[in-house]
Amino acid sequence: MTSKEVRNAFLSFFQNKGHKVVPSAPIVVKNDPTLMFTNAGMNQFKDYFLGNKEAKDVRVVDTQKCLRVSGKHNDLEEVGVDTYHHTMFEMLGNWSFGDYFKEDTIAWAWELLTEVYKLDKNRLYVTVFEGDKTDGVGPDIESENIWKKYIDADRILRCDKQDNFWEMGETGPCGSCSEIHMDLRPQAEVDKLSGKELVNADHPQVIELWNLVFMEFNRKADKSLESLPAKHVDTGMGLERVLRAVHMQHSNYDTDLFMDTIRDLESISGKTFGKNEPTDIAFRVIADHIRALAFCIADGQLPSNTGAGYVLRRILRRAVRYGYSFLDFKEPFLYKIIDKLSLQFEGVFNELPEQKDFVAKVIEQEEISFLRTLFAGLDRLDKSVENANENLINGEEVFELYDTFGFPIDLTQLIAAEKGLTVDMDGFNKALAEQKARSKADAAKETGDWQVLLNDEKEEFVGYDYTDANVRITRYRTLTVKGKEKFQIVFNITPFYAESGGQVGDTGVLVGSENQEKIKVLDTQKENDLIVHVVDLLPDNAKQVFHANINLNKRDNTQKNHSATHLLHAALKEVLGDHVAQKGSLVDPKKMRFDFSHFTKVTDEELHKIEHIVNTKIGESIVLDEKRNVPYDIAINSGVTALFGEKYGDVVRVITFGEDFSKELCGGTHVANTSEIGRFVFMHESSVAAGVRRVEAITGDEAEDYFVKKLDVLKEVETLLGHPKDLVKQVQSLLKENKENTKKLEVLGQAQLGQLKNTLRSKVSAHNEVNVLIEQVEADNAAGIKDVLFQLRNEVDNLFAVLVANINNKPSLSIMISDSLVKDKGWNAGQLIREWAKEVKGGGGGQPFFAQAGGADVSGLPKVLELAKAFV
RNA sequence: GGGGGAUUAGCUCAGUUGGCUAGAGCGUUUGACUGGCAGUCAAGAGGCCACCGGUUCGAAUCCGGUAUUCUCCA
């Protein structure tokens, strides 16, 4: 069976058992502050388990794109070193939301593995939960008994909380689980030692295949457990592993999922896989990482220096590092293997093949920039190597190299070892720990348990139709950020739009119906599908009805920008082409920002065209056509614009401005008629990454103000210049004139200095073979005097010159001594000037041959001249 | 979000503890050698040393702020 066949077999097996096949959620998570990437199949169903939302289908099956870069068994640095951990993987899962439980789950799992995949029963083991006293949960006898129907009792193992109790996070739904493990070792080894001894022992050949989670508890912030209202099943089986099990292979990488890429890499690197361990690790690292990169970028996440984008950057850099060190790639190479990779996912995850050129371009650009930091780091490392003491490279220097210049630590160690040096890793780790502590302290954030006031009602967003409403608080919790306490509250219904789809959250005010108390709503955010309102104090009476009002002005201006974004999107496609796809947007009351895929700079001419189209559409006063409950398939078939990396439900909201112009799936708020937007103006066009351009624009009052202000400035300039026929020409000629005059002034100044120099030269008198010049001069800055002295130095041998000046009632002293005198007589201008500056209540310094000083008292100048004369 | 760097000629970068009137290489312009190109040599142009403020007799250099950018950590 190929990977495609194994995947399909899973989906159709459960489809035949009454499960609905649902698409994978995007791998990059939006609307959940606790998570950057989908790290388990259950993420997209979190709301069902938490009881925030009711499941429409109680039996579901899917394959979910997942990414893990940290966790108890997943350290990025380990991936590729072993043969069975991955960053990106597909999690096959079947789900029951309050429907079937342990009996069916176990029976079907066994049937699929042994009858469809035909795995060898003699190599399978299962585990069940042994119970935990502190949690007050007993052993999972129920599962054990079910298993006994299918498998020998001595193949069933009881395991502890760490292995067989699944938790979503610190808090949230959880429950015991039952795992199926498989022994893939050669028969000779199996004969020597039973696989039973190796289950859960991190043996590379005795691996966990499938985890069946029986969700029945909710872990609260105080660590106690409470029962969930309904019992659920959440199972997860890594496609990469089961595929390997089906073929009894030694490594996940031996399956077609990875071998295609590895063969591709062999042909561009000229190296062979399977020859020696270090290069094999490099092959595996790259074959793994390229998948993570490809899917994240296809889902709209670009490499960057914060958050999820930073994780992506690290993955890419790790791949490049291995390619650089072990496969001799000194130039970008990752982008070359995207093409073949994307073929594997045609018909499964079409977002990748459809965007492969874009993905490759982003990766190539990122590779180029990393290679640049790599080469810069190499230079810097050379210096540290020179400074090494007793064959030990300073840990702090290495940390600086890593921290500030992004040079990978393992590469530093590698290079050091080549030169017979070692790196002071203790010093490095200490510095790293300090930095981690700093960041953690800053990001500290704590949420309390939800306090439930009202249980029976579901929250509903009414903000499309109402901007105010009478609401009740259903629950609230505290939120502590950097020692500051805030509160999050949830209503039964709400007119507040929660930040999503780039549109900022509403703000506003709550007024108590009974005591008239006012609570300000500072922000509105989404946690999955829950709408959370942020306030900084709780009402005295939280149980009363509140009249909720949103800040209308803010909402109005924001939705003008949002609707304009849709017009812009359509106009961009019209002018630039169909390859334009939204890559991100921000809509707030002041402006809009829109990122989209496009490979070259948008020219001024194109911008004008786009601006013109948008403004024409505004002028056409198109009425908003909003359809709320359109089945997804029908919407897509009608040619609506959907975004990659966005999660859509079965029914979607379609926003149309002109049937043949702009049709988008969108949850945001919009103007009722495009004429409300008023006017649309571009402010900026720039690049955010390879293949992604960013435009910024304003609308409505902001645009109006902008024009008024610009016109005012223009009029003022025209008035100042006496209303010339051609303003631009006039300014150009003024600038030119100015430049010429500056040049002329410079020349004049030089001439003046030349004259001063000539006068001074005639005053030079010889004393004992020293040419002495001691004078008070007129000057308006000390730099001029310096200039003259340097010129005299070139013209007069054995010069000893002391010039003093009164510049704006402040004394200035300068001394110039020819090199020969400095050398022969040991004279030192710096020392002399420090001495003499005392006479003018000042100080100064310089070098032996030239020094300057200033001071506060001009009356001391004659005395300085006397001292100077006395000196020679 | 927190820390650390960087910003000097069109490009890549030097510029020691503040003080030899801001440099190199590449590129560019002009000229010479050559039948032409390539090349070599010579000469020149090109800098608010990111911006704003402060310390100082004196700031590219030190301090504070802003902007941009790189990088590490969350």
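The sequence lines fix the lettering, A, B, ..., with proteins before strands; numbering per chain opens at 1.
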Given that A:Leu432 and A:Asp787 both sit by RNA chain B, which one's nearest nucleotide is further toward the 5' end? A:Asp787
Walking RNA chain B from its 5' end, the first of A:Arg314 and A:Asp819 to be reached, judged by nearest nucleotide, is A:Asp819
Among residues 856-866 of chain A, which ones have heavy-atom contacts with RNA chain B below 4.0 Å? none
Mind running a 4.0 Å heavy-atom check of residues 823-845 of chain A against RNA chain B and sending the residues that fall below it, in number order? A:Gly843, A:Gly844, A:Gly845
Can you tell me which residue pairs pass the salt bridge (Lys or Arg N to Asp or Glu O under 4.0 Å) test with a partner in residues 802-822 of chain A, sequence neighbours excluded? A:Arg793-A:Asp819
Please measure how far the [atom1] atom in [N] lies from the corresponding atom in [M], and state the result in whole Å.
N	M	atom1	result
B:C51	B:A43	C1'	36 Å
B:A60	B:C41	P	35 Å
B:U55	B:C11	P	34 Å
B:C49	B:U7	P	14 Å
B:C33	B:A24	P	27 Å

Is any side-chain N of the basic residue among [X] and [Y] closer than 4.0 Å to the acidic one's carboxylate O?
X	Y	answer
A:Glu396	A:Lys430	no
A:Arg68	A:Glu78	no
A:Asp595	A:Arg694	yes

Considering only distance and modelled atom types, tabulate donor-acceptor pairs under 3.5 Å from the side chains of residues 825-845 of chain A, sequence neighbours left out.
from: A:Asn828; atom 1: OD1; to: A:Gly830; atom 2: N; distance (Å): 2.8
from: A:Asn828; atom 1: OD1; to: A:Gln831; atom 2: N; distance (Å): 3.1

RNA chain B base-pair string [pairs: Watson-Crick or G-U under 3.5 Å; |: paired with another strand]: (((((((..((((.....[...)))).((((((.....)))))).....(((((..]....)))))))))))).
How would you label the contact of A:Tyr402 with the nucleic acid (heavy atoms, under 4.0 Å): base, sugar-phosphate, or nothing? sugar-phosphate
Return the orientation label for the A:Phe850 and A:Phe790 ring planes: parallel under 30°, perpendicular over 60°, tilted otherwise. tilted
Using atom CD1 of A:Ile409 as one end and atom P of B:U71 as the other, report the distance to the nearest whole Å. 17 Å
Looking only at side-chain atoms of A:Arg313, point me to the closest of B:C20, B:U71, B:C72. B:U71
Which parts of nucleotides 2-16 of chain B does protein reach within less than 4.0 Å, heavy atoms only, written one letter per nucleotide 5' to 3' as B for base, S for sugar-phosphate only and - for none? BBBS-----------
For a quick test of reading the model: is some side-chain N or O of A:Arg317 closer than 4.0 Å to OP1 or OP2 of B:U71? yes
